[in-house]
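Read through the structure below, which is laid out as structure tokens, and then see the notes.
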Amino acid sequence: MIVRPHKHWLIRLFVWHGSVLEKIYSRLLLNLVLSVSVIFFLPWYEALGVKLTMAPFSILGVAIAIFLGFRNSACYARFNEARLLWGQLAITSRSLLREVKSLPAAQSEEINYFVNLQVAFCNCLRLTLRKQPVENALRPWLREDELAWVAASHAPCNRILLLMGNWLSKQRVNGTISDVLWRSLDNHLNEHSAVAGGCERITTTPLPFAYTLILHRTVYLFCIMLPFALVQDLHYMTPFLSVFISYTFIALDSLAEELEDPFGMEDNDLALNAICNTIERDLRDMNGEDNVPEKMKPNRHYQLS
Amino acid sequence: MIVRPHKHWLIRLFVWHGSVLEKIYSRLLLNLVLSVSVIFFLPWYEALGVKLTMAPFSILGVAIAIFLGFRNSACYARFNEARLLWGQLAITSRSLLREVKSLPAAQSEEINYFVNLQVAFCNCLRLTLRKQPVENALRPWLREDELAWVAASHAPCNRILLLMGNWLSKQRVNGTISDVLWRSLDNHLNEHSAVAGGCERITTTPLPFAYTLILHRTVYLFCIMLPFALVQDLHYMTPFLSVFISYTFIALDSLAEELEDPFGMEDNDLALNAICNTIERDLRDMNGEDNVPEKMKPNRHYQLS
Amino acid sequence: MIVRPHKHWLIRLFVWHGSVLEKIYSRLLLNLVLSVSVIFFLPWYEALGVKLTMAPFSILGVAIAIFLGFRNSACYARFNEARLLWGQLAITSRSLLREVKSLPAAQSEEINYFVNLQVAFCNCLRLTLRKQPVENALRPWLREDELAWVAASHAPCNRILLLMGNWLSKQRVNGTISDVLWRSLDNHLNEHSAVAGGCERITTTPLPFAYTLILHRTVYLFCIMLPFALVQDLHYMTPFLSVFISYTFIALDSLAEELEDPFGMEDNDLALNAICNTIERDLRDMNGEDNVPEKMKPNRHYQLS
Amino acid sequence: MIVRPHKHWLIRLFVWHGSVLEKIYSRLLLNLVLSVSVIFFLPWYEALGVKLTMAPFSILGVAIAIFLGFRNSACYARFNEARLLWGQLAITSRSLLREVKSLPAAQSEEINYFVNLQVAFCNCLRLTLRKQPVENALRPWLREDELAWVAASHAPCNRILLLMGNWLSKQRVNGTISDVLWRSLDNHLNEHSAVAGGCERITTTPLPFAYTLILHRTVYLFCIMLPFALVQDLHYMTPFLSVFISYTFIALDSLAEELEDPFGMEDNDLALNAICNTIERDLRDMNGEDNVPEKMKPNRHYQLS
Amino acid sequence: MIVRPHKHWLIRLFVWHGSVLEKIYSRLLLNLVLSVSVIFFLPWYEALGVKLTMAPFSILGVAIAIFLGFRNSACYARFNEARLLWGQLAITSRSLLREVKSLPAAQSEEINYFVNLQVAFCNCLRLTLRKQPVENALRPWLREDELAWVAASHAPCNRILLLMGNWLSKQRVNGTISDVLWRSLDNHLNEHSAVAGGCERITTTPLPFAYTLILHRTVYLFCIMLPFALVQDLHYMTPFLSVFISYTFIALDSLAEELEDPFGMEDNDLALNAICNTIERDLRDMNGEDNVPEKMKPNRHYQLS
């Protein structure tokens, strides 16, 4: 999902949806409660001879920020990889249709059938990445027998590609297209395959789990101990700064986690529905069809799913 | 838009256009007012027992700088991607025309028509990326019936590509070019399509919104609280250093936002008009035409749009 | 191996498998013992006039964090390269089979033989990367004479590729496929070769050894000296913070080492068995075979090998 | 220009050429003068109640270093892109000639003519990037009529490429080479075009100007205020450390600026003359000519232009 | 050269070969001597009113660490580029031979001759990169007349590529291979050329010299002044921490320098001999020859050259 709220910098500061605040407010509340209680227990705490100074926290803060920055880069790179792959799918779909339409012998209904396969492929990829059921969602674009065959597989995208490949081979065997043209067209199918494989790769090989874990542990422990170190200098201001610093660290940690799996349905994930909608609109428009679907609009929280 | 002011380092320091100062001076003014008032309220503020030391701000400052550095890299990468795509468009346009001109049977007026399509494509892409109306702007390069057909679509660039594809197929069907040559030429159309798709991808999938928001919040809150921490050490010097530090952080935050959408009309965005002008000049020059347009010049603020 | 434990942030903090804790707990214990003894020897230590302050450790801490961040990036890049290569293998295997299946003259049993070669190649690559014996493991997919010939080589993957190349050439010489089609198919073999070569490159050229060594030395020395500097400020809290800071640095150092060789059998390495299983399942499903193997499941520690 | 002075680390420290010292010594001198005068005015300065402590400078120093590091990466990436493009030109020139020489029907004098075009292209690109006049410099390699036609264009490189393309098309139309061979050869021309376009892209789209400006301002302001903060702690040592810190920041800022436009004639720019010389030597050597030019040697300041 | 010592973390700490200690111990010794003498001259030094505090060193330390991190990344990127190029050479050599072996009309002795050319190319590239004499080293793989012709050139690798290109053209002209097959095979020669060109590019365009110089100067000056700042806080502990911090900075500076030219014979450079050995072993094994050379083994310092 993609969120695009108000453009003015002042109004932005109070946005709730699309930031990760919804997810982390319980942790910040915990930090607030802790900070306040630390103020009350300060005399007892000092009597015990417990001393926490800012110096070690300064070292820790910088180190955690650097490592968090590294993990953010790695997670954002996954998000970006996903973005590039779906962009590539849109590009190669259009190029494939443009080349198909330039074949002299291709008949209009045959091309309509092919366009349906293309749209089915994109939607099938979207559904499998989000682990949603495929069969009913693909009915508009596939013939009943093909639908059954596609849905029976554990990898339905591959089967739709096989259907597209069959269509192309049939043209080659008919003599409609030469081997050279076939190669040019089939190359686009290879690119479809590469996009599907790339997306699977993102979902099946997550960031090494230990990165997430080490940073979770250090960030939370850091935020829990922070009030004890701040209280001696700041006293009544402790809760304020403790929650502020915790927000900075925990929010970025949490966002990185959201971006790690960019195909989910969370606020900062990719708007796959909207991309599929765009691809279908573009293909039908290029094919000169009348049934171009409506453009998908953001909901009232400015979200596209 | 691209800005290139005076080369001397001393004069540069006082440049106004093209820096982001225009955008952020209200925020810096706010910071200045706050810093000055903090000096006057210092006694009252100390009486309340409010204590803010620099130590937590030191941790925060480093962390925010690291995260801001990360967001800057990500936004600059988008700017760079856009730069590479438009460079690729210039390259592939020229290679396409060079190959078209080497076809023995191609006639001069046919090639002129094709060059017009190429120029129309670049300008159409520029206009759609900037959400400007297409129809009148493309009139110089398209035949009236084609113009109507192109402008009727929600994706006019695709339709211009279809026209170019039709031209190539016609040559192939005529026997002017073999399948092998057609593939070489059509490949350049695929690259055109990849550039258009890549640019759309940049505009439709912004940086995850939460990055912008988390950094906005932390940067502004940091700058607002800074004077309260600085005042005890610096006293009368507070406004000076507070505004200086705020400038460093807010200016970079603001620039990152400008670069995130590199196709806009802001000071640091790409000069798409100038690039389209260059492509047209190069193509017409290669085609030996007389009507090579003038080179676009920067305006009096050293800006190219 | 890939580990995916519980999704809730609180439960995660106490996970043992898949984090690097198993590997480094002896070093942390050592640090704990040292910190505790430093507290007891503090008076004697002060009497000697030994003074260690936090300032030099602050410089060192930042420098080490930056260099560790750099080494982590480099090691993660190797892990990522490996991930991309195996993803590429899955993609190219499927594209190759799709193209083979679209050849009109190809007979079903010939294709079954070819699919076996493809599966054998993936598994052979997995086994050679993990330095495991090849012969018995490959028996299910190769004819007995071919198996002997393949296993006799020091580079069995190359020989399986030669077998695949022979199959293709035979089709070309038979006239089943034209030179143009052959080139398209053979290109996928080149990609297989590129994946195998890329994986070998990762195992044979490690990160320059001095990076590992310099960081090992500085990290351990830093952690050993830390308690002596912390004790004067923190006293009884020394062991707690000393172990915490040491955990942050040593865990990341240790994880980087694990990722450097991503084909091993350690917790955060790639799950090559599962990838081979997926490729075989996909190929057999595309080929319409009945003997699609079961999907591999994580063991009770949530690990895939 | 590329500089390679003495290898020993001690001697290097006192090198003048090729470092950016020549450019920035006036700024460092200014800093020195300021630092010295600050020492003398310290009593008067303290009487005014002006207090500057190191804490805010510590935050600023880290933030500026991070942003400067980012800008350095971006500028170095431009330098590296230029390096890769010119390397690509050398590679594709040689591959093109190797393929041309393997054509059976190609005659020796025709190939000599083609080699001259290749050399002219490289030199023409060098000259246009450095905004130097083209006509006289290209005379050794072009026929007089061609030279006039090439020099008349605002984009002479394109016209040389057209000449090369004409040569190839002539071979194709003659029947000397088939369409398949033509495509292989013409592809190298596309790569030439991509190099030329890539280099233009670097010169026409500089780093967003605001990066340069924001950093200029913060770096200089930081260096100017530094002595006032240092003087209270360091007293007589102020000038020394102030100039040292300023050197670190200003030198890197200045080097980034030099690398931003890698085709200039400054000390750390690319040695385009030497690269053109190498390409010509390699091509003539491959073609078996006797007039291989001398290898270009560094001048007495170890510089290659 | 590549070094792989003992796997246990404790033993590693005392390794000498392959770390950069050999190179920098004289500089560390100098630092030690300085630190010790500073302790003795402390009273005299304080009497002079010289005061150096840690605060400016803290700023400098962070800034230098960031810039050193940037330079390390840039140098490691060069090392990595070299690693990828040689890996590409291994990949493309094997693919080329696989395709050559699948040609039906190719005779065994002709292929043996071609394999020799391939091996000669790899070794010739290794020798020219290391500026070692070519003639005797290449004798095992080239015919005497060819060897003389190759060694007479200033760019012997190009000439070996020309020999390979001639072999391929001969097959094309004979009619053994069609133009389409020739293009597939010749493409591998282009990749050989790209590897050679890429490696030359690395050696001829070093990292901008000013990076090396600025960092040399700041690192050494920083390390020299450090003891004066440390001594007031740490007294007798000064030499220990001063050498430790210096080790961290100087070792990384020195390693970056070693990686900058990855084709040398230093400890952390690429093991080109071993790579050439692997390529020859693989090619001869694929060709079914008996004279597969022995695998190269590390020497007693665990080094491969």
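Naming: A, B, ... by sequence-line order, numbering from 1 per chain.
Your options are D:D233, D:V180, D:L234, D:D285, and the one with the most heavy-atom pairs under 4.5 Å with chain E is D:D285. Contact count against chain D (heavy-atom pairs under 4.5 Å) is highest for E:A74 among E:S58, E:G69, E:G165, E:A74. The choice from D:S184, D:G87, D:A90 that makes the most heavy-atom pairs within less than 4.5 Å of chain E is D:S184. Across D:L68, D:I91, D:I64, the residue that shares the most heavy-atom pairs under 4.5 angstrom with chain E is D:I91. When each of E:N158, E:L207, E:L168 is scored by its heavy-atom pairs under 4.5 Å with chain D, the top score falls to E:N158. With chain D as the partner, the residue from E:E200, E:R172, E:M225, E:E81 showing the most heavy-atom pairs under 4.5 Å is E:R172. Chosen from E:A194, E:A63, E:A155, the residue pairing most often with chain D at heavy-atom distances under 4.5 Å is E:A194. Counting heavy-atom pairs closer than 4.5 Å to chain E, the top residue among D:M54, D:R83, D:R183 is D:R83. No other option in D:H235, D:R281, D:M237, D:K295 has as many heavy-atom pairs under 4.5 Å with chain E as D:R281.
Using a 4.5 Å cut-off between heavy atoms, D:F240 touches chain E through its side chain atoms alone. For E:L215, no part sits under 4.5 Å from any heavy atom of chain D, backbone or side chain. Residue contact with chain E, scored on non-hydrogen atoms closer than 4.5 Å, involves the backbone and the side chain of D:M286 alike. For chain D, the nearby parts of E:Y211 are the backbone and the side chain; heavy atoms of each come within less than 4.5 Å. Only the side chain of D:L259 comes within less than 4.5 Å of a heavy atom of chain E; its backbone N, CA, C and O stay farther away. With a 4.5 Å cut-off on non-hydrogen atoms, D:N187 touches chain E through its side chain but not through its backbone. With a 4.5 Å cut-off on non-hydrogen atoms, E:L221 touches chain D through its backbone and its side chain both. Looking at D:L84, the atoms closer than 4.5 Å to chain E (heavy atoms on both sides) sit in the backbone and in the side chain alike. Both the backbone and the side chain of D:A251 come within contact range of chain E, with heavy atoms under 4.5 Å apart. Looking at E:L189, the atoms closer than 4.5 Å to chain D (heavy atoms on both sides) sit in the backbone and in the side chain alike. Residue contact with chain E, scored on non-hydrogen atoms closer than 4.5 Å, involves the side chain of D:L255 exclusively.
In terms of heavy-atom proximity, E:F67 sits nearest to D:A65 at CE2-O, 3.8 Å. Of all the heavy atoms in E:P56 and D:L241, the pair that sits closest is CG-CD1, 4.0 Å. E:I66 approaches D:V62 most closely through the heavy-atom pair CD1-O, 4.4 Å. For the residue pair D:F244 and E:F222, the shortest heavy atom distance occurs at CZ-N, 3.7 Å. Across every non-hydrogen atom of E:R201 and D:Q88, the tightest pair is NH1-N, 4.0 Å. Summarising the geometry of E:N190 relative to D:R98, their closest heavy-atom pair is OD1-NH2, 3.0 Å, with the distance given to 0.1 Å.
Rounding to the nearest 0.5 Å places CG of E:L60 at 12.5 Å from OH of D:Y247. Separating the CG atom in E:L162 from the NZ atom in D:K101 is a distance of 7.5 Å, to the nearest 0.5 Å. To the nearest 0.5 angstrom, D:S95 atom OG is 10.0 Å from E:E191 atom CD. Going from atom CD1 of D:I245 over to atom OG1 of E:T218 covers 11.5 Å, rounded to the nearest 0.5 Å. In this structure, CD1 on E:I214 lies 4.5 Å from CG on D:L252, to the nearest 0.5 angstrom. In this structure, E:S73 OG and D:N72 CG are separated by 11.5 Å, a value rounded to the nearest 0.5 Å.
In this structure the side chain of D:E258 never reaches within 4.5 angstrom of the side chain of E:P208, judged on heavy atoms.
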Steps toward side-chain contact (heavy atoms from CB on, under 4.5 Å) verdict (D:D282, E:H154):
CA-CA 8 Å; D:D282 284 0; E:H154 72 276; 2.8 Å; yes

